[in-house]
Amino acid sequence: MENNNYPFKNTPLPYNYSALEPFIDEKTMYLHHDRHLQTYIDNLNGALEKHPELQKLSLEQLIKISGRLPKQLQTAVRNNAGGVYNHRFFFEGLTNPAKGEPYGRLAQAIKQCFTDYENFKTEFKKAALSVFGSGYAWLVYIRHQLKIVTTPNQNSPIEQGLCPILCIDVWEHAYYLKHYNLRADYIDDWFNIINWDNAEQNLIKCIKNKR
Ligand code: MN3
């Protein structure tokens, strides 16, 4: 991840705003990246401005220590460092056209932990639908296992020591313009644009870091 330190900048998407059509529309991608993510970047920089002791920390480090910060700063860092990290992770995890299914070590691990890819999809969709209000569903790696977890708001699984492989943003701003209130349809569309190369690399990194 580039630009991992203060002052944070909104690095461009790794593809055009329209690249994920027809699964995610151009306008949603533009607003999501240039407005929503930009706001988290601005608010994170604002929160760190008066805290030089935190300015040398990476996004990951900020999220991991957020629980130990004074209450008000804690909320600002958790929401905004999380908002930047989670959005970058989500956007980098997408591509179009995509390979239809996982391969390599991730395919193997999914088979071990979820029997097969179809069953994984069912379980992941169930989790993504279960998020009440705003949040994310994640595939994470922990203690040699894959797990599906959800996080509320902009909380990030790395705060709990989980190593993320892929995620879906299920805040309404991620899909409302195209899918309206139909989160299930958005999730089905998302399965078509998962960047499996990126997910495979994430798993390899997680295994290397022994998490
Ligand atoms: Mn979002």
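Order of listing sets the numbers, starting from 1, for every ligand and every atom in it. One-based numbering along the sequence shown. No hydrogens, no waters, no symmetry mates; every other heavy atom, side chains included, goes into these values.
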**Prompt:** Is it true that the NZ or CZ of Lys121 lies under 6.0 Å from the centre of Phe191's six-membered ring and within 45 degrees of the ring axis?
**Reply:** yes
**Request:** Test Asp42 against Asn80 for side-chain contact (heavy atoms from CB on, under 4.5 Å), laying out the working first.
**Result:** CA-CA 9 Å; Asp42 294 343; Asn80 295 301; over 6 Å; no
**Asked** Nearest heavy-atom pair of His173 and Thr28: which atoms, and what distance?
**Response** O-CG2, 3.7 Å
**Distance below 2.8 Å from the Mn ion (ligand 1): protein N/O/S atoms** = His32 NE2, His87 NE2, Asp169 OD2, His173 NE2
**Message:** Taking the basic N atoms (NZ, or NE/NH1/NH2) and the acidic carboxylate oxygens, is any pair closer than 4.0 Å for Lys99 and Asp197?
**Reply:** yes
**Prompt:** With a 4.0 Å cut-off, would you call Arg78 and Glu159 a salt bridge?
**Reply:** yes
**Message:** Can you tell me how far apart CG (Leu44) and CD (Glu49) are? Round to the nearest 0.5 Å.
**Reply:** 11.5 Å
